[in-house]
Amino acid sequence: MMRNGYPELGDKEPVRGQVRVWCDGCYDMVHYGHSNQLRQARAMGGYLIVGVHTDEEISQHKGPPVFTQEERYKMVKAIKWVDEIVPGAPYVTTLETLDKYNCDFCVHGNDITLTVDGKDTYEEVKNAGRYRECQRTQGVSTTDLVGRMLLMTKAHHSIEVTLDYQKHQDNLSKDARGHSPWTGVSQFLQTSQKIMQFASGKEPSPGDTIIYVAGAFDLFHIGHIDFLEKVYSLAEKPYVIVGLHFDQEVNHYKRKNYPIMNIHERTLSVLACRYVAEVVIGAPYSVSADLLDHFKVDIVCHGKTDVLPDRDGSDPYAEPKRRAIFRVVDSGNSLTTDDIVQRIIKNRLEYEARNQKKEAKELAVFEAQQRREQLINGHKD
């Protein structure tokens, strides 16, 4: 069975002679940077297997994860470039692991992952020539997202960074000696090429059921995944369109510092989901007759969360209700973006300490690499 041009996880049988690629990681607070890594890895072969570490291993080497291992397994399964996942993958990637799953090589970003004692987790596969590198996505990191959640300000939507935001950035991602080149924060710049890389490019086929949902889909998380999976299951041949509200609209109805991720970031996050065929960037809050007619929508869905009236007091779903195509979908998961923010705030000091410790280890390795390069260049001279 195909999902918008991508196979259902587990439905695709490996082909003899096909290049099998291995990726692994924590995949905590999965964002479009993780998805982009897996997209690049999948393009290097024909079958992608992703190993996900346990809570215990992550706590030992990095600090407490935000999401449980079961939540993280499900998030990775929902990324459309993933063919298979391995729960409880070892933190250190070995040749034994690659051989066990018949993988030709391992792919990781051009940053570094270290064990609790500061060793490169990919050293063995690198030395064996079974390691490939992909480009790390600039402008996004778990560190930055955690920093945004700890602030009750909209500074992360602006190019101007306030002193408070800078202070939190420093607390989360700066060791006393300086910055690691791999852990930190930066501005994400959206490009048309990036959208094209993430988009399915598939038009609806005859017989498809066009299903429309709309919302913020901020910090795209397991609650959203469960909802979209239920929506997808409503039809035999579903074509799911997600309408994303502009940042100003989201802030109007959610207040505080929402959305945590801007419209460009949320677009890529949603496009990476295997249940989604198309995204409307900057969808109107009220689902209008024009929108329904333009996309030839058969079903409009909303979750069990409260629906706030539009600015004029009207019901944003009045038109689909009038056409009798509106459905309330119970995902069975009550997790919200606010719940995730509360998890972060509750464990704030632990996350700050985790990121400072992580950067200190990375900085030590980076400085050692620079010293080695200087020695090599000095001998050449």
Side-chain angles (χ1 to χ4, degrees), residues 3 8-10 23-38 48-91 113 140-150 213 215-233 242 258-261 265-266 268-276 303-305 329-348 350-351 354-355 358:
R3 289 193 182 279
E8 172 88 58
L9 189 91
C23 281
D24 57 29
C26 305
Y27 299 103
D28 194 23
M29 283 185 61
V30 171
H31 51 68
Y32 58 92
H34 295 121
S35 300
N36 194 36
Q37 179 221 4
L38 297 176
L48 178 62
I49 302 175
V50 181
V52 185
H53 309 318
T54 63
D55 296 343
E56 184 180 0
E57 285 245 79
I58 296 172
S59 296
Q60 178 188 346
H61 293 281
K62 291 180 71 173
V66 178
F67 288 94
T68 68
Q69 58 197 41
E70 294 303 324
E71 289 172 326
R72 291 183 290 106
Y73 298 156
K74 195 159 191 178
M75 281 298 297
V76 175
K77 282 181 182 179
I79 296 172
K80 64 186 178 184
W81 297 287
V82 176
D83 295 303
E84 182 182 333
I85 78 154
V86 175
Y91 198 80
T113 304
V140 64
S141 68
T142 301
T143 300
D144 184 29
L145 293 177
V146 169
R148 298 182 200 182
M149 283 184 273
L150 290 174
V213 302
F217 291 90
D218 195 15
L219 285 178
F220 196 65
H221 54 71
I222 191 64
H224 299 133
I225 294 295
D226 284 338
F227 169 69
L228 290 170
E229 186 178 18
K230 279 288 178 67
V231 167
Y232 190 93
S233 69
V242 176
Y258 295 114
I260 303 296
M261 301 178 90
E265 297 173 306
R266 292 183 285 121
L268 294 186
S269 297
V270 175
L271 280 174
C273 178
R274 67 174 65 245
Y275 305 119
V276 176
K304 297 205 76 175
T305 54
V329 173
D330 184 0
S331 68
N333 188 333
S334 60
L335 184 73
T336 66
T337 303
D338 218 25
D339 294 333
I340 297 168
V341 173
Q342 292 310 311
R343 288 187 191 185
I344 295 292
I345 292 172
K346 182 181 177 183
N347 298 292
R348 172 180 173 174
E350 286 186 62
Y351 292 126
R354 179 183 79 173
N355 284 293
K358 175 176 180 283

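Please read these numbers as outputs of a predicted model, since none were measured by experiment. Every heavy atom of this structure was used, including side-chain atoms; hydrogens, water molecules and symmetry mates were not.
Aromatic ring pairs are classed by plane angle as parallel below 30°, tilted from 30° to 60° and perpendicular above 60°; the pair Tyr91 and His53 is tilted.
Distance check: Met75 CE to Ile222 CD1 gives 6.0 Å after rounding to the nearest 0.5 Å. The distance from atom OG of Ser334 to atom CG of Asp339, rounded to the nearest 0.5 Å, is 6.5 Å. Expressed to the nearest 0.5 Å, how far OG1 of Thr336 lies from NE2 of His224 amounts to 8.5 Å. Rounding to the nearest 0.5 Å places CE of Met149 at 10.5 Å from CZ of Arg343. To the nearest 0.5 angstrom, Phe220 atom CZ is 9.5 Å from Ile79 atom CD1. Between the NE2 atom of His221 and the CG atom of Asp226 there is a distance of 10.0 Å, given to the nearest 0.5 Å.
Looking only at distances, a side-chain donor or acceptor of Arg148 sits under 3.5 Å from a matching main-chain atom of Ile260. A donor-acceptor pair under 3.5 Å is formed between the side chain of Lys230 and the backbone N or O of Asp330. For the pair Glu84 (side chain) and Ile49 (backbone), a donor-acceptor distance under 3.5 Å is absent. The closest donor-acceptor contact from the side chain of Lys80 to the backbone of Val276 lies at 3.5 Å or more, if one exists at all.
Scanning both residues, Leu48 and Cys23, for their nearest heavy atoms gives CD1-SG, 4.0 Å. Residues Cys26 and Val52 approach most closely at O-CG1, 3.9 Å, considering heavy atoms. When all heavy atoms of Ser59 and Pro65 are compared, the pair lying nearest together is OG-CD, 3.6 Å. Leu268 and Tyr32 get closest at one heavy-atom pair: CB-CB, 3.7 Å. Nearest heavy-atom pair across Val270 and Phe217 is CG2-CB, 3.9 Å. Minimum interatomic distance between Trp81 and Ala272 (heavy atoms only, all atoms of both residues): CZ3-CB, 3.9 Å.
Side-chain contact between Thr68 and Tyr73 is absent, with no heavy atoms from C-beta onward closer than 4.5 Å. Looking at heavy atoms from C-beta onward, Val82 lies in side-chain contact with Arg274 at the 4.5 angstrom threshold. Counting only heavy atoms from C-beta outward, the side chains of Val231 and Tyr275 never approach each other to under 4.5 Å. Within the 4.5 Å cutoff, no side-chain heavy atoms of Lys74 are placed close to those of Asn333.
Under the ring-ring contact (aromatic ring centres under 6.0 Å, His included) criterion, Phe227 pairs with no residue at all, not counting sequence neighbours. Residues forming a ring-ring contact (aromatic ring centres under 6.0 Å, His included) with His34 (at least two apart in sequence, or on another chain): Tyr27, His31. Partners of Thr305 according to the side-chain contact (heavy atoms from CB on, under 4.5 Å) rule, which considers only residues two or more places apart in sequence or in another chain, are His302.
Classification of Lys77 and Glu229 as a salt-bridged pair fails, no side-chain N sitting under 4.0 Å from a carboxylate O. Here Glu57 does not pair with Arg72 in a salt bridge; the nearest charged N to carboxylate O distance is not below 4.0 Å.
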Original post:
Given Arg266 and Asp218, is the side-chain contact (heavy atoms from CB on, under 4.5 Å) satisfied, shown in steps?
Top reply: CA-CA 6 Å; Arg266 292 183 285 121; Asp218 195 15; 3.9 Å; yes
Original post:
Between Leu335 and Phe67, is a side-chain contact (heavy atoms from CB on, under 4.5 Å) present by the stated rule, with each step listed?
Top reply: CA-CA 11 Å; Leu335 184 73; Phe67 288 94; 4.1 Å; yes
Original post:
Which is it for Val213 and Val329 under the side-chain contact (heavy atoms from CB on, under 4.5 Å) test, yes or no, and what are the steps along the way?
Top reply: CA-CA 10 Å; Val213 302; Val329 173; over 6 Å; no
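Residue-environment remark: CD (Gln342) exceeds the threshold of 12 foreign heavy atoms within 6.0 Å.
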